[in-house]
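Report on the structure given below.
Reminder, nothing fancy here: chain letters follow the sequence lines and each chain counts from 1. The structure displayed is predicted, hence computed values, not measured ones.
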Protein chains: 2
Amino acid sequence: MISIKEVAEITGISASTLRYYESEGLLPYVKRDEGGKRLYDKEDIEWVHFITALRATGMPIVQIREYVRLFQEGNGTISERKRMMLNHKKEIENKIKELYRNMDKINYKLALYDILEAQMNHSSIKI
Amino acid sequence: MISIKEVAEITGISASTLRYYESEGLLPYVKRDEGGKRLYDKEDIEWVHFITALRATGMPIVQIREYVRLFQEGNGTISERKRMMLNHKKEIENKIKELYRNMDKINYKLALYDILEAQMNHSSIKI
DNA sequence: TCGGCCATTAAAGTTAACTTTAACTCAGTT
DNA sequence: AACTGAGTTAAAGTTAACTTTAATGGCCGA
């Protein structure tokens with residue numbers, strides 16, 4: 001059972017963001033000590049890591065909250081949760097494809113710069 | 001020379017966003033007709049497409065503005081512009097790598113769901 | 001000349017995801 | 001007893017990138 005500060009250090013998510021995530025229903029059941037301070041166990045940390053992966057891939061907080069809600073409902077929601085993850089995986093794949101497509105345009109620009117520079121060298125013009 | 005509405009239709013960027021981009025210095029030298037209405041030529045449309053690629057890959061508007069500023073300065077800034085594009089390309093590559101890394105975590109979750117579902121089928125529990 | 005459509009600007013509003021602040025408490029140290 | 005450091009909450013603030021609104025005007029066909 002570790003403090004919020006330690007979780008922040010381990011996960012790279014700031015203490016205030018951890019509190020914010022909790023207030024948004026992304027981290028239910030975080031325990032407290034006698035003084036009311038948050039205590040995180042190993043499972044909580046794993047969960048923070050997973051949430052971070054969902055966030056880093058663009059899943060909005062409302063959707064993560066919905067996922068957590070389904071999780072709390074129990075095994076009856078497994079197929080729905082699986083469907084959510086499959087959908088999200090497709091979105092990530094699309095995002096990657098779009099990044100590649102747009103990177104092509106930047107590569108094209110870079111190729112033009114190579115030609116421009118070559119021309120300038122050829123005509124002895126210094127940039 | 002086409003209207004803002006047509007450019008919006010062609011590029012998928014709304015007219016208000018096109019005006020916003022212009023006000024932010026991303027689209028300099030857009031001409032006007034006698035009535036003060038914007039007129040876009042082929043080059044402008046290409047530029048909108050390129051800006052869109054930069055935006056879609058996460059380049060912030062301030063940085064695009066800086067790129068445009070260098071472009072307007074002329075050929076003396078070619079190496080700097082090329083450097084910017086190379087940097088941005090690296091950022092996109094990193095972004096893609098991070099997406100793959102995080103997708104792995106989602107794939108792991110999906111594998112767990114497969115196991116869970118298999119177990120439930122085996123024990124004749126219906127979800 | 002009227003309605004409809006398209007345009008203009010400046011300014012205000014929106015949205016998501018945090019972050020910061022203010023006021024307070026509590027535990028341990030000197 | 002005072003200080004330090006970490007925690008708490010609720011509320012306000014921030015940021016980027018747009019979007020919407022309000023007030024205005026030109027043009028064109030019926």
Would you list the protein and nucleotides 4-10 of chain C atom pairs, both N or O, that sit under 3.5 Å from each other?
from  : atom 1 : to      : atom 2 : distance (Å)
C:dC6 : OP1    : B:Lys5  : NZ     : 2.9
C:dA7 : OP1    : B:Ser3  : OG     : 3.3
C:dA7 : OP1    : B:Lys5  : N      : 3.2
C:dT8 : OP1    : B:Arg38 : N      : 3.0
C:dT8 : OP1    : B:Arg38 : NH1    : 2.7
C:dT8 : OP2    : B:Arg19 : NE     : 2.6
C:dT8 : OP2    : B:Arg19 : NH2    : 2.7
C:dT8 : O5'    : B:Arg38 : NH1    : 3.3
C:dT9 : OP1    : B:Arg32 : NH1    : 3.3
C:dT9 : OP1    : B:Arg32 : NH2    : 3.1
C:dT9 : OP2    : B:Arg38 : NH1    : 3.0
C:dT9 : OP2    : B:Arg38 : NH2    : 2.8

Rounded to the nearest angstrom, tell me the gap between atom [atom1] in [X] and atom [atom2] in [N].
| X | N | atom1 | atom2 | result |
| --- | --- | --- | --- | --- |
| A:Asp33 | C:dG28 | CG | C1' | 14 Å |
| A:Ile64 | C:dA16 | CD1 | C1' | 12 Å |
| A:Glu34 | C:dA27 | CD | P | 8 Å |
| B:Gln63 | D:dA16 | CD | P | 12 Å |
| B:Ile13 | D:dA17 | CD1 | P | 13 Å |
| B:Arg65 | D:dA17 | CZ | C1' | 12 Å |
| A:Leu18 | D:dT8 | CG | C1' | 14 Å |

Tell me, with the steps shown, if B:Trp47 and B:Phe71 meet ring-ring contact (aromatic ring centres under 6.0 Å, His included).
CA-CA 12 Å; B:Trp47 193 246; B:Phe71 182 82; 5.7 Å; yes
Going by an N to O cut-off under 4.0 Å, is there a salt bridge joining [X] and [Y]?
| X | Y | answer |
| --- | --- | --- |
| B:Arg69 | B:Glu66 | yes |
| B:Lys82 | A:Asp114 | yes |
| A:Arg32 | A:Glu22 | yes |

Going by distance alone, is a donor N or O of one side chain under 3.5 Å from an acceptor N or O of the other, for A:Tyr29 and A:Gln72?
yes
What I want to check is whether the side chains of A:Thr57 and A:His88 have a donor and an acceptor closer together than 3.5 Å.
yes
Distances under 3.5 Å only, N/O to N/O: pair up the protein atoms with those of nucleotides 18-23 of chain D.
from   : atom 1 : to      : atom 2 : distance (Å)
D:dC18 : OP2    : B:Tyr21 : OH     : 2.9
D:dC18 : OP2    : B:Arg55 : NE     : 2.8
D:dC18 : OP2    : B:Arg55 : NH2    : 3.3
D:dT19 : OP2    : B:Ser14 : OG     : 3.1
D:dT19 : OP2    : B:Thr17 : OG1    : 2.2

Step-by-step side chain to side chain donor-acceptor pair (under 3.5 Å) determination, B:Glu6 to B:Ser3:
CA-CA 5 Å; B:Glu6 286 168 300; B:Ser3 73; 3.2 Å; yes
Face-on cation placement of A:Lys109 at B:Phe50 ring, 6.0 Å and 45° thresholds:
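Yes, A:Lys109 sits over the ring of B:Phe50.
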